[in-house]
Protein chains: 2
Amino acid sequence: MARPSHVRNSVRELIESGDRHDWSIEDLHAGILASGLTADYSSVFRAVTWLERQGVIGQVALGDSRIRYELAGHHHDHVRCDACGAVSSLPDCLLPRAEARVEKGTGFSVTGHHLVFSGLCPACR
Amino acid sequence: MARPSHVRNSVRELIESGDRHDWSIEDLHAGILASGLTADYSSVFRAVTWLERQGVIGQVALGDSRIRYELAGHHHDHVRCDACGAVSSLPDCLLPRAEARVEKGTGFSVTGHHLVFSGLCPACR
DNA sequence: CTAAGTGCAAATCATTTGCAACCAG
DNA sequence: CTGGTTGCAAATGATTTGCACTTAG
């Protein structure tokens, strides 16, 4: 069913390139244009939606008012600079057994979590 | 400088009433109308902004695409039901010394964090 | 031919702001 | 009178959708 889609390919390539983990749709759109290719914002939106539904990428909710995406797969948490907005990711998850504790305490069955630290990055402090 | 403001009072009362910790502006607006009083959405917005600046309430970013607020003060984390959207809060913070670890690992100076667990609430599971 | 992918414009949704009327001090 | 508060309408910002055109399978 899937036909060649250069927009989807470009989006996937950008996100898989790995250096960033806080891609907004606008960032992706700009990235594609910067590489010489063309793509409409709405096409990027649809590509992102599609990739998300396929489980290739996932949303990252930073305090920021736009939706951001990163490669899905290995779970990790983030640190965000309050001053410049820079985001870094942490190598491993700091909540090894916290979920079990939450389950006991609340009665919820916990399937995951989202953790963002805030502070100042080395450059801004 | 501050004159009586029934909108601000209503918003504060609702949020201080304590049962919820995921008030959106729309929720607050609806809540005020439900109590028989009137208030414009924009006035509620301004009241919320004012209370936030005063440090009375703070934002809570749940996956949800709208900004939510809760009483500021004691820090605690949340669990959100993926099915019905219900939110509960956890009594204490589960990351006592995690911030120090993050500082060492990333070079950021960490000032806080935001943690949301996701799963299914007792009613939905 | 048929359905997927794309661009363009327009519709939504939620948040914010401008402005004039209003009112307590 | 003066400045804070409010309602109403309109501006923003970002996400989402409708539609027609193009093209791979």
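Just so you know, these numbers use all the heavy atoms, side chains as well, and skip hydrogens, waters and symmetry mates. Lettering follows sequence order; numbering is per chain, from 1.
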Parallel, tilted or perpendicular for H113(A) and H75(A), by the 30°/60° rule?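 Ring orientation, 0 to 90° scale: perpendicular.
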Taking the inter-plane angle between the rings of Y41(B) and H29(B) on a 0 to 90° scale, is it parallel (under 30°), tilted (30 to 60°) or perpendicular (over 60°)? perpendicular
Would you mind checking if R80(B) and D22(B) are paired as a salt bridge, meaning a charged N to carboxylate O distance below 4.0 Å? no
For the pair made of [atom1] in [X] and [atom2] in [N], what is the distance, rounded to whole Å?
{"X": "R68(A)", "N": "dA14(D)", "atom1": "CZ", "atom2": "C1'", "value": "12 Å"}
{"X": "I67(B)", "N": "dT15(D)", "atom1": "CD1", "atom2": "P", "value": "13 Å"}
{"X": "L37(B)", "N": "dT5(D)", "atom1": "CG", "atom2": "P", "value": "17 Å"}
{"X": "I32(A)", "N": "dG7(C)", "atom1": "CD1", "atom2": "C1'", "value": "13 Å"}
{"X": "D40(B)", "N": "dC19(C)", "atom1": "CG", "atom2": "C1'", "value": "13 Å"}
{"X": "E52(B)", "N": "dT15(C)", "atom1": "CD", "atom2": "P", "value": "12 Å"}
{"X": "Q59(B)", "N": "dA14(C)", "atom1": "CD", "atom2": "P", "value": "16 Å"}
{"X": "W50(A)", "N": "dT15(D)", "atom1": "CH2", "atom2": "C1'", "value": "21 Å"}

With the side chain of [X] defined as its heavy atoms from C-beta on, choose the nearest nucleotide among [options].
{"X": "R8(B)", "options": "dT5(D), dG7(C), dT6(D)", "answer": "dT5(D)"}
{"X": "P4(A)", "options": "dT6(D), dG7(C), dA24(D)", "answer": "dA24(D)"}
{"X": "A39(B)", "options": "dG7(D), dG7(C), dT15(D)", "answer": "dG7(D)"}
{"X": "F45(A)", "options": "dT16(C), dT6(D), dT17(D)", "answer": "dT17(D)"}

With a 3.5 Å cut-off and just heavy-atom distances, do the side chain of S42(A) and the base of dC8(C) make a donor-acceptor pair? yes
Using a distance-only criterion (donor-acceptor N/O pair, under 3.5 Å, no hydrogens), is the base of dG4(D) paired with the side chain of R46(B)? no
Within 45° of the six-membered ring axis of W50(B) and under 6.0 Å from that ring's centre, is NZ or CZ of R8(B) located there?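 Verdict for W50(B): a cation-pi partner in R8(B).
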Does [X] have a side-chain nitrogen or oxygen under 4.0 Å from the phosphate oxygens OP1 or OP2 of [N]?
{"X": "H6(B)", "N": "dT5(D)", "answer": "no"}
{"X": "Y41(B)", "N": "dT15(C)", "answer": "yes"}
{"X": "S65(A)", "N": "dG13(D)", "answer": "no"}

Looking across every strand, which nucleic acid part, if any, lies under 4.0 Å from A47(B) by heavy atom: base, sugar-phosphate, or nothing?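 Touches nothing.
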Using only heavy-atom distances, determine whether the side chains of H76(A) and E70(A) contain a donor-acceptor pair under 3.5 Å.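 There is such a pair (donor and acceptor under 3.5 Å, judged by atom type) between the side chains of H76(A) and E70(A).
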